[in-house]
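Accompanying notes for the structure given below.
This one's a predicted model, so the numbers in the text were calculated from it and none came from an experiment.
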Amino acid sequence: MSRRPKRTFTKEFKLQIINLYNSGKPAGEIIKEYDLNASSFYKWVNQFSNSGSFKEKDNLNDEQKLIKQQEKELKQLRMENDILKQAALIMGQKSK
């Protein structure tokens, strides 16, 4: 069974789909008419109703935001640690 290639949708298209849904058109009809994946459709509906945005970063809960922030901080600290290790090696070589 071959998979069809992943499709990408513009923000305008997603808004059009949301507007159809909000105007009362049944979800099943929209999904069938536009050949959409049901999970994608409901994801768009939930994202737009929660934050008014389709961007993942705008739809993170507090815990997910905290994890992202901590991952960014950890990356920064690792980079700083590597720099300090290199500086210590250089300083050790100069003192000999």
Let me confirm one number: the [atom1]-[atom2] distance from [X] to [Y], rounded to the nearest 0.5 Å.
X     : Y     : atom1 : atom2 : result
Asp82 : Met79 : CG    : CE    : 9.0 Å
Asn19 : Glu12 : CG    : CD    : 11.5 Å
Thr10 : Gln16 : OG1   : CD    : 8.5 Å

4.5 Å side-chain heavy-atom contact, Gln64 and Lys68: no
message: Taking side-chain contact (heavy atoms from CB on, under 4.5 Å) as the definition, give me every residue that meets it alongside Glu71, ordered by chain and number, with sequence neighbours left out.
response: Ile67
- request: Mind checking side-chain contact (heavy atoms from CB on, under 4.5 Å) for Lys25 and listing every partner two or more places apart, or none if nothing turns up?
  value: Leu20, Glu29, Ile30, Glu33
- prompt: Checking side chain to side chain contact (heavy atoms under 4.5 Å, CB included) for the pair Lys72/Gln76: CA distance, chi angles, key distance, verdict?
  reply: CA-CA 6 Å; Lys72 184 176 179 179; Gln76 177 70 27; over 6 Å; no
Report, as yes or no, whether the 6.0 Å neighbourhood of atom [atom1] on [X] holds more than 12 heavy atoms from other residues, nucleotides or ligands.
X     : atom1 : answer
Arg78 : CZ    : no
Glu63 : CD    : no
Asp35 : CG    : yes

message: Pair Tyr34, Phe41 - check side chain to side chain contact (heavy atoms under 4.5 Å, CB included), show working.
response: CA-CA 10 Å; Tyr34 291 92; Phe41 171 80; over 6 Å; no
- prompt: Are the aromatic rings of Trp44 and Phe9 close, with centres under 6.0 Å apart?
  reply: yes
field: Under 3.5 Å donor-acceptor, Asn81 side chain and Leu77 backbone
entry: no
Step-by-step side chain to side chain contact (heavy atoms under 4.5 Å, CB included) determination, Tyr42 to Ile31: CA-CA 10 Å; Tyr42 288 110; Ile31 291 167; 4.1 Å; yes
